[in-house]
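Order of the sequence lines sets the chain letters (A, B, ...), proteins ahead of strands, with each chain counted from 1. These values consider heavy atoms only, across backbone and side chains, with no hydrogens, waters or symmetry-generated copies.
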Amino acid sequence: MKTFKIEHRNSDGFEIIDLYGELDAHTASQLEESLKNLISDQKSNIIVNFRELDYIASAGLGVFMAYIEDVRTIGGDIKLSNMNDKVYNVFDLLGFPTLYDIFDDEKQAIKKFLSDS
Amino acid sequence: MNNTATYHKAIKAATSKLTDIRKFVAKHAREHGFNEKQISDIQLAVDEACTNIIKHAYQFDQTKNFRIELEFDGDQLSITLTDHGSGFDPNRYQRPDLKKQIEKKKRGGMGIFLIKNLMDDVSYSSNNNTNVLRMSKIRS
């Protein structure tokens with residue numbers, strides 16, 4: 001099992017957050033901090049890449065619920081990508097795919113940002 | 001493979017313990033022949049239930065403890081979580097309205113929905129300051 005970790009990179013003007021390990025009620029505050037920092041810097045084209053995330057609980061999903069409106073209000077979005085089946089299943093059970101853009105690959109998320117702008 | 005077996009553990013009411021709880025549940029469910037998909041479901045349901053106890057029953061008071069018991073009987077795993085904090089009634093909860101919650105920047109209420117969805121049977125009782133959540137899953 002990997003320890004939870006967040007890495008942040010910038011790709012062609014898009015803010016990419018890479019998640020590693022397990023996101024639960026203990027680690028969700030770290031993700032919250034990262035999103036808050038981006039929003040306060042007015043960085044609003046955000047992609048969260050789940051490739052290395054093994055597990056998510058509802059506390060993790062709650063972070064996306066709490067900040068999506070703030071990001072959309074400043075003209076951006078939080079798009080999600082590269083989830084494994086187990087993680088996607090949790091988002092799906094809670095109805096996220098109708099309200100969030102979820103892509104198989106980060107590149108598709110970038111493409112969607114570009115086509116929307 | 002044993003037909004019946006019981007395992008229990010006392011857990012400090014701290015979110016830092018959630019990883020250990022998930023490992024404890026997965027280890028025993030695997031030993032008793034549950035498949036990986038079912039193990040994931042059980043882990044998530046237990047995680048959500050324990051998070052609720054830590055957060056709502058004990059308000060993150062790490063001096064408090066609660067108890068988890070796993071009981072394997074034939075094809076059935078029954079999990080019992082017992083705490084002595086503030087009670088809550090899972091029957092009050094309905095499927096969260098995601099759109100409304102996002103608009104109001106509200107989160108929460110998803111744990112119970114997931115537990116009910118992931119487990120085969122869920123029951124809750126609260127008497128004399130003792131709250132008992134019992135959930136079960138049949139091995140497929």
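A continuous path of ILVMFWY side-chain contacts below 4.5 Å connects Leu98(B) to Tyr88(A), so both sit in one hydrophobic cluster. Residue Val71(A) is not grouped with residue Ile47(A) when hydrophobic side chains (ILVMFWY) are merged at heavy-atom distances under 4.5 angstrom, including chains of intermediate members. Connection of Leu35(A) to Phe4(A) is established within a shared hydrophobic cluster, with ILVMFWY side chains joined at heavy-atom distances below 4.5 Å, either directly or through further cluster members. Using a 4.5 Å cut-off between side-chain heavy atoms of Ile, Leu, Val, Met, Phe, Trp and Tyr, with links allowed through other members, Phe113(A) and Tyr67(A) fall into different hydrophobic clusters. A continuous path of Ile, Leu, Val, Met, Phe, Trp and Tyr side chains, each step under 4.5 Å between heavy atoms, connects Phe66(B) with Phe60(B), placing both in one hydrophobic cluster.
Going from atom OH of Tyr55(A) over to atom CG of Leu44(B) covers 4.5 Å, rounded to the nearest 0.5 Å. Summarising the geometry, atom NZ belonging to Lys37(B) is positioned 10.0 Å from atom CG belonging to Asp85(A); distances are rounded to the nearest 0.5 Å. With rounding to the nearest 0.5 angstrom, the CG atom of Asp24(A) is 11.0 Å from the SG atom of Cys50(B). With rounding to the nearest 0.5 angstrom, the CD atom of Glu22(A) is 4.5 Å from the CZ atom of Arg22(B).
Interface residues of residues 94-101 of chain A toward chain B, defined by a heavy-atom distance below 4.5 Å and sorted by number: Leu94(A), Gly95(A), Phe96(A), Leu99(A), Tyr100(A).
Heavy-atom distances place the side chain of Asn89(A), and not its backbone, under 4.5 Å from chain B. For a residue to count as touching a neighbouring chain, one of its non-hydrogen atoms must lie under 4.5 Å from one of that chain's; by this rule Ile54(B) does not touch chain A. For a residue to count as touching a neighbouring chain, one of its non-hydrogen atoms must lie under 4.5 Å from one of that chain's; by this rule Lys55(B) does not touch chain A. Contacts between Leu114(B) and chain A at a heavy-atom distance below 4.5 Å involve the side chain alone, from C-beta outward. Heavy atoms of Thr51(B) lying under 4.5 Å from chain A belong exclusively to its side chain.
Residues Glu69(A) and Lys104(B) are not paired through a salt bridge, judged by the lack of any N-O separation under 4.0 Å between the basic side chain and the carboxylate.
With a 6.0 Å radius and a threshold of 12 heavy atoms from other residues, nucleotides or ligands, His8(B) has its NE2 atom at or below the threshold. Dense packing is recorded around CG of Asn37(A), with more than 12 heavy atoms of other residues, nucleotides or ligands lying under 6.0 Å away.
When all heavy atoms are compared, the tightest approach of Phe113(B) to Leu93(A) is CE2-O, 3.4 Å. Of all heavy-atom pairs spanning Arg107(B) and Met65(A), the tightest one is CA-CE, 4.2 Å.
The candidate from Ser40(B), Gly111(B), Ser16(B) with the greatest count of non-hydrogen atom pairs under 4.5 Å with chain A is Ser16(B). With chain A as partner, the option from Ile102(B), Asp47(B), Asn117(B) having the largest number of non-hydrogen pairs under 4.5 angstrom is Ile102(B).
For the pair Glu48(B) (side chain) and Ser58(A) (backbone), a donor-acceptor distance under 3.5 Å is present.
For the pair Thr19(B)/His26(A), no side-chain contact is recorded, criterion being any heavy-atom separation below 4.5 Å from C-beta on.
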